[in-house]
Amino acid sequence: MIGRLNHVAIAVPDIEAARALYRDVLGGDVSEVIAQPAHGVSVVFVMLPNTKIELLHPLGEGSPIAQFLERNPSGGMHHVCYDVDDIIAARDALKAKGARVLGDGEPKIGAHDKPVLFLHPKDFYGTLVELEQV
Ligand code: CO
């Protein structure tokens, strides 16, 4: 069911500092800071040959990563995202196997303008899992 690793998302307390670290220390190919108000985040994409890293920082009230940063003030890995071919088929197969889908269970349009779902971290060894239909 799951395909390529689409991205790993890391919540960071200072997005400019994180961008500079990935560019200057790790030598990464980093984007500008991109505001995504509809998703409550500012993001920097780090393009790797085989996947992406997304550096996330809260934007506005009620950001989905604000609480995570309160619990992890120095930042931390927030989620991993896997490609799937058919997000509805993936959701239904996962639910049939007992995995919990977050929210109302309907795919939302994610940060890459593609349908996404999130799976409960307690069902996947403490890792929030995002599925993106490619
Ligand atoms: Co993501």
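What you see is a predicted model, and the numbers here were worked out from it, not measured in a lab. Both counts, for ligands and for their atoms, begin at 1 and track the order of listing.
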### Task
Specify which N/O/S atom of His79 comes nearest to the Co ion (ligand 1), by atom name.
NE2
### Query
Does any donor atom in the side chain of His78 or Glu54 lie under 3.5 Å from an acceptor atom in the other side chain?
no
### Side chain proximity check, Tyr82 to Leu119, heavy atoms < 4.5 angstrom
no
### Task
Check whether any N, O or S atom of His78 sits under 2.8 Å from the Co ion (ligand 1).
no
### Query
Backbone or side chain, does Glu54 get an N/O/S atom under 2.8 Å to the Co ion (ligand 1)?
no
### Message
If you define the side chain from C-beta out and look only at heavy atoms, does anything of Phe45 sit under 4.5 Å from Val30?
### Response
no
### Message
Please name the atom of Glu130, limited to N, O or S, that comes nearest to the Co ion (ligand 1).
### Response
OE1
### Message
Are more than 12 heavy atoms, taken from residues, nucleotides or ligands other than Asn72, located less than 6.0 Å from that residue's CG atom?
### Response
yes
